[in-house]
Number of protein chains: 2
Amino acid sequence: MGNGTPVTNAIRRLRFERGEMTQQALADACGVTRQTVIALEAGRYAPSLELAFRIAHALEVRIEEVFQWAGES
Amino acid sequence: MGNGTPVTNAIRRLRFERGEMTQQALADACGVTRQTVIALEAGRYAPSLELAFRIAHALEVRIEEVFQWAGES
DNA sequence: AGGCGATGTCAAGTATTTTTTACCCCAACT
DNA sequence: AGTTGGGGTAAAAAATACTTGACATCGCCT
């Protein structure tokens, strides 16, 4: 399936682990639309670095815990 | 002073701490041009999340150690 | 003096990408 | 039946990351 980005994420899992946080709530907390969250959870693209920081902050985890990169040592 | 990104970085410092690594060497290690490294060190814009991962990997540090976000708790 | 390596600037341009806008589906209500 | 809330798709729009190339400076070496 047309997956293009080598960066995956665990947004959806963390959202639920962080107490039933809805897509809209996360979107608001990050200052983006709900569609952005949907697209990110679907892995359609990787967010900007700034948004990555905001997401990690909203989910109260480090960036590396939300986003994984296919290219570790 | 036209700084537009709220994300700063410590690429230049880490480059030297990691043993006199040149801009070109870092660029090669990350698969980008030297101009990109220059622009990043000058703080002209924030890299993509994927490039941020590659840079952190090349400098052997965590992303948060290279890039700082003006918005921590 | 001349050359080389590392750094930097400026500018234009591409082309990729992120992000938004608009519309649809389904379940659980009242 | 109608509405509210959670989730989803697909398009285009808006933003910007990245490249290319040309040129200037500084320090070091022969």
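When reading the values below, keep in mind they use all heavy atoms of this one structure, side chains included, and skip hydrogens, waters and symmetry mates. Lettering follows sequence order; numbering is per chain, from 1.
- Across the protein-nucleic acid pair, A:R54 atom CZ and C:dT19 atom C1' stand 11 Å apart, rounded to whole Å.
- The side chain of A:I38 lies closest to D:dT9 when the candidates are D:dT9, D:dT20, C:dG8.
- Atom CZ in A:R44 sits roughly 13 Å away from atom C1' in C:dT17 (whole-Å rounding).
- Looking at heavy atoms from C-beta onward, A:I55 lies out of side-chain contact with A:L14 at the 4.5 angstrom threshold.
- Of the candidate nucleotides D:dT16, D:dG7, C:dT18, C:dT18 has the atom lying nearest to any side-chain atom of A:S48.
- The listed nucleotides are D:dG7, C:dT7, D:dT19; the one nearest the side chain of B:V32 is D:dT19.
- Nearest nucleotide to the side chain of A:R12, out of C:dT20, D:dT16, D:dG7: D:dG7.
- If you check distances only, the side chain of B:R34 does reach the base of C:dG8 with a donor-acceptor pair under 3.5 Å.
- Judged by atom type and distance alone, B:Q35 reaches the base of C:dT9 through a side-chain donor-acceptor pair under 3.5 Å.
- No engagement by B:A39 is indicated, since no non-hydrogen atom pair under 4.0 Å with the nucleic acid exists.
- When the nucleotides C:dG8, D:dA17, D:dA10 are ranked by their closest atom to the side chain of B:Q23, C:dG8 comes out on top.
- The CD1 atom of B:I55 sits 12 Å away from the P atom of D:dA17 (whole-angstrom rounding).
- Atom CD of B:Q24 and atom P of C:dT7 are 9 Å apart (whole Å).
- Here the side chain of A:R15 is nearest to one of C:dT18, D:dT16, D:dG7, namely D:dG7.
- Distance, B:Y45 OH to C:dT14 P: 17 Å, rounded to whole Å.
- Atom CG of A:D28 is separated from atom P of D:dG6 by 11 Å (rounded to the nearest Å).
- Here the P atom of nucleotide D:dA15 and the CG atom of A:L51 are 16 Å apart, to the nearest Å.
- A distance-only check finds a donor-acceptor pair linking the side chain of B:R18 to the backbone of B:L59 [under 3.5 Å].
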(request) Start with the C-alpha gap between A:L26 and A:V32, add the side-chain angles, then the distance that decides, and say whether side-chain contact (heavy atoms from CB on, under 4.5 Å) holds. (result) CA-CA 9 Å; A:L26 176 59; A:V32 294; over 6 Å; no

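- Between the CG atom in B:L40 and the OH atom in B:Y45 there is a gap of 5.0 Å [rounded to 0.5 Å].
- If you take CG of A:L40 and C1' of C:dT17, they are 12 Å apart, rounded to a whole angstrom.
- The minimum heavy-atom distance between B:A56 and B:R62, with the atom names listed, is CB-C, 4.1 Å.
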